[in-house]
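Data block below; observations after.
Since this is a predicted model, take the numbers as computed values, not measurements. We're numbering straight along the sequence, starting at 1.
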Amino acid sequence: MSLTTQATPTTYWLEHAWLGSHVEPGVTLRTADGRITAVRTGDATPPPGATVLRGLTLPGLANAHSHAFHRALRGTVQVGSGTFWTWREIMYAVADRLTPDSYYALARAVYAEMALAGITCVGEFHYLHHAPGGTRYDDPNAMGGALIAAAADAGIRITLLDTAYLSSGFGAPPDRHQLRFSDGTADRWAQRADALKEDREHVRIGAAIHSVRAVPAGQLGTVAEWARERQAPLHVHLSEQTAENDACRAAHGRTPTQLLADHGALGRRTTAVHATHLTDQDIALLGGSTTGVCMCPTTERDLADGIGPAARLQGAGSPLSLGSDSHAVIDLLEEARAMELDERLRTRTRGHWTAAALLRAATADGHAALGWDDAGTLETGALADLTTIALDSVRTAGPLPRLAAETAVFAASAADVRHTIVGGRQIVRDGVHTLVPDVPTALAESIAAVRG
């Protein structure tokens with residue numbers, strides 16, 4: 001499949017729909033050319049010929065931060081103890097074994113798993129560019145192309161965040177694993193990234209600074225300017241580890257956030273990922289520049305990174321999005337729930353975000369962070385990307401339908417996703433992927449192919 005758009009107009013009847021501020025019963029959506037063309041409320045029964053979506057229908061979920069190949073680590077890195085840095089060595093070993101073909105197979109399976117979880121768009125933070133040892137493929141973007149093709153064949157949208165990764169740490173040369181990641185300089189990274197095209201409707205191209213440790217300070221501006229010229233998203237891992245903050249202060253006398261600000265890398269099209277260990281000044285810089293922040297709670301707790309100041313960042317002016325990052329689990333409802341529950345644990349108070357605010361982070365604000373401003377709402381003119389959550393499972397049965405948003409965020413899981421629609425086409429129907437019929441087997445076989 002090369003396109004996600006439907007071939008013919010379709011009418012959907014939503015038993016219950018989340019319309020951004022409330023749950024509305026009996027909503028009819030008309031779609032054509034991949035977009036919502038009409039929204040009508042007050043339809044107690046389905047109109048003739050409509051496809052019925054029972055449960056709660058939301059805008060499609062946006063996974064704003066993904067490393068597709070990390071899915072091969074699930075289970076393996078949960079054995080024993082360790083830190084982020086010991087986890088990273090296992091991750092490098094998997095990265096060393098990937099080829100364009102094996103990466104396509106793995107990513108297609110991972111993106112199909114995302115579709116089953118109601119995710120209709122993924123932000124792929126892509127730094128695995130070259131062959132082992134740093135040799136370029138005949139097509140320098142063969143690995144990125146594999147990800148774009150995988151998303152198309154799994155039926156979801158992708159923002160390929162092509163990542164500059166040039167150093168093992170504050171100017172030191174890449175180590176043997178990282179040679180696959182590096183283009184040598186930011187200018188050479190930009191030349192390769194220029195060849196990536198948004199030539200299919202399911203793809204956007206953005207940029208990423210892997211981290212301030214992996215892109216020398218004098219080259220940060222090159223990546224930021226590349227994104228600015230194209231009005232493209234720019235993402236960056238920020239202050240995930242206190243060791244990064246300490247090393248940045250030692251090298252530059254300032255925090256990573258301050259360093260990014262000094263080189264013009266903050267702003268409304270920038271998203272900082274993690275932003276876990278920040279100073280008050282960092283929070284003010286991020287919020288004051290309306291830099292977005294992508295929280296990845298299931299990864300941050302899996303790696304023992306810490307709990308980021310999400311509530312303070314949003315209060316300062318930073319829009320929040322959500323990502324599954326290392327794919328310890330792929331469940332955007334869990335990410336939304338975890339952001340609130342982690343804040344409760346830290347503050348010992350409840351109710352930092354409403355269910356509506358958490359759903360906005362998982363939908364409209366996540367899409368905006370990925371450059372899809374026309375997605376993430378159930379409104380006329382928006383992309384016809386939807387996900388329907390069952391309200392009659394063992395997890396969701398019982399609450400009043402008007403509380404379906406709270407039920408979805410605080411009780412449901414990816415297992416409760418019943419339907420996923422992208423561009424008006426049904427990609428998941430009654431819990432079954434229509435393009436990848438046996439997703440578990442696809443995952444098992446593609447992971448086995450890269451396992452050591």
For the residue pair [Y] / [X], report whether a side-chain donor-acceptor contact shorter than 3.5 Å exists.
{"X": "Thr291", "Y": "Thr270", "answer": "no"}
{"X": "Thr11", "Y": "Arg30", "answer": "yes"}
{"X": "Trp372", "Y": "Thr159", "answer": "yes"}
{"X": "Thr396", "Y": "Asp416", "answer": "no"}
{"X": "Tyr111", "Y": "Glu124", "answer": "yes"}
{"X": "Asp175", "Y": "Ser168", "answer": "no"}

| Working for side-chain hydrogen bond (donor to acceptor under 3.5 Å, both in side chains), residues Glu24 and His16 | CA-CA 6 Å; Glu24 182 77 21; His16 302 283; over 6 Å; no
Do any N or O atoms from the side chain of [X] and from the backbone of [Y] form a donor-acceptor pair under 3.5 angstrom?
{"X": "Thr31", "Y": "Gly34", "value": "no"}
{"X": "Glu198", "Y": "Val203", "value": "no"}
{"X": "Ser446", "Y": "Leu443", "value": "yes"}
{"X": "Gln314", "Y": "Pro319", "value": "no"}
{"X": "Tyr12", "Y": "Gly424", "value": "yes"}
{"X": "Glu300", "Y": "Cys296", "value": "yes"}
{"X": "Asp43", "Y": "Pro46", "value": "no"}
{"X": "Asp183", "Y": "Thr185", "value": "no"}
{"X": "Thr363", "Y": "Pro59", "value": "no"}
{"X": "Thr299", "Y": "Ser324", "value": "yes"}

At what distance, to the nearest 0.5 angstrom, does [atom1] of [X] lie from [atom2] of [Y]?
{"X": "Leu61", "Y": "Ile156", "atom1": "CG", "atom2": "CD1", "result": "11.0 Å"}
{"X": "Thr388", "Y": "Arg418", "atom1": "OG1", "atom2": "CZ", "result": "8.5 Å"}
{"X": "Leu260", "Y": "Ile209", "atom1": "CG", "atom2": "CD1", "result": "6.0 Å"}
{"X": "Ser321", "Y": "Glu335", "atom1": "OG", "atom2": "CD", "result": "11.0 Å"}
{"X": "Leu56", "Y": "Leu403", "atom1": "CG", "atom2": "CG", "result": "11.5 Å"}
{"X": "Leu386", "Y": "Ile427", "atom1": "CG", "atom2": "CD1", "result": "11.5 Å"}

Salt bridge flag under 4.0 Å for residues [X] and [Y]:
{"X": "Arg108", "Y": "Asp153", "value": "no"}
{"X": "Arg54", "Y": "Asp392", "value": "no"}
{"X": "Arg74", "Y": "Glu113", "value": "yes"}

Below 4.5 Å, heavy atoms only, C-beta onward: do [X] and [Y] meet side chain to side chain?
{"X": "Cys121", "Y": "His367", "result": "yes"}
{"X": "Met143", "Y": "His129", "result": "no"}
{"X": "Val236", "Y": "Thr271", "result": "no"}
{"X": "Gln241", "Y": "His277", "result": "no"}
{"X": "Leu303", "Y": "His274", "result": "no"}
{"X": "Thr45", "Y": "Trp13", "result": "no"}
{"X": "Arg180", "Y": "Leu98", "result": "yes"}
{"X": "Ser66", "Y": "Phe125", "result": "no"}

For Leu234 and Arg269: C-alpha separation, side-chain torsions, deciding distance, then whether side-chain contact (heavy atoms from CB on, under 4.5 Å) applies.
CA-CA 6 Å; Leu234 173 66; Arg269 281 190 295 273; 5.9 Å; no
Are more than 12 heavy atoms, taken from residues, nucleotides or ligands other than [X], located less than 6.0 Å from that residue's [atom1] atom?
{"X": "Arg301", "atom1": "CZ", "result": "yes"}
{"X": "Arg268", "atom1": "CZ", "result": "no"}
{"X": "Arg344", "atom1": "CZ", "result": "yes"}

Nearest heavy atoms of [X] and [Y], plus distance in Å:
{"X": "Arg402", "Y": "Glu406", "answer": "O-OE1, 4.3 Å"}
{"X": "Ile148", "Y": "His202", "answer": "O-NE2, 2.9 Å"}
{"X": "Ala275", "Y": "Pro309", "answer": "O-CD, 3.3 Å"}
{"X": "Ala112", "Y": "His433", "answer": "O-CD2, 3.6 Å"}
{"X": "Pro174", "Y": "Leu166", "answer": "CG-O, 3.4 Å"}
{"X": "Pro140", "Y": "Arg192", "answer": "O-CD, 3.5 Å"}

Partner of His210 under ring pair (Phe, Tyr, Trp, His ring centres under 6.0 Å), picked from Trp189, Tyr165, Phe181, is Tyr165
From the list His237, His327, His235, ring pair (Phe, Tyr, Trp, His ring centres under 6.0 Å) partner of His67 resolves to His237
- request: Give the C-alpha distance, both sets of side-chain angles, the deciding distance and a yes or no for side-chain contact (heavy atoms from CB on, under 4.5 Å) between Arg204 and Ile158.
  value: CA-CA 6 Å; Arg204 297 280 186 274; Ile158 184 171; over 6 Å; no
Glu343 meets the salt bridge (charged side-chain N to carboxylate O under 4.0 Å, His left out) criterion, sequence neighbours left out, with Arg346
Report task. Please assess Leu14 against Thr28 for the test side-chain contact (heavy atoms from CB on, under 4.5 Å), listing each intermediate value before the final yes or no. Result -> CA-CA 6 Å; Leu14 320 181; Thr28 298; over 6 Å; no
For residues 379-391, the salt bridge (charged side-chain N to carboxylate O under 4.0 Å, His left out) pairs (sequence neighbours left out) are Arg157-Asp385
Stepwise side-chain contact (heavy atoms from CB on, under 4.5 Å) check, Asp365 with Leu320:
CA-CA 7 Å; Asp365 287 346; Leu320 300 179; 5.9 Å; no
Check against side-chain hydrogen bond (donor to acceptor under 3.5 Å, both in side chains), His70 and Asp325: CA-CA 8 Å; His70 290 188; Asp325 191 5; 4.7 Å; no
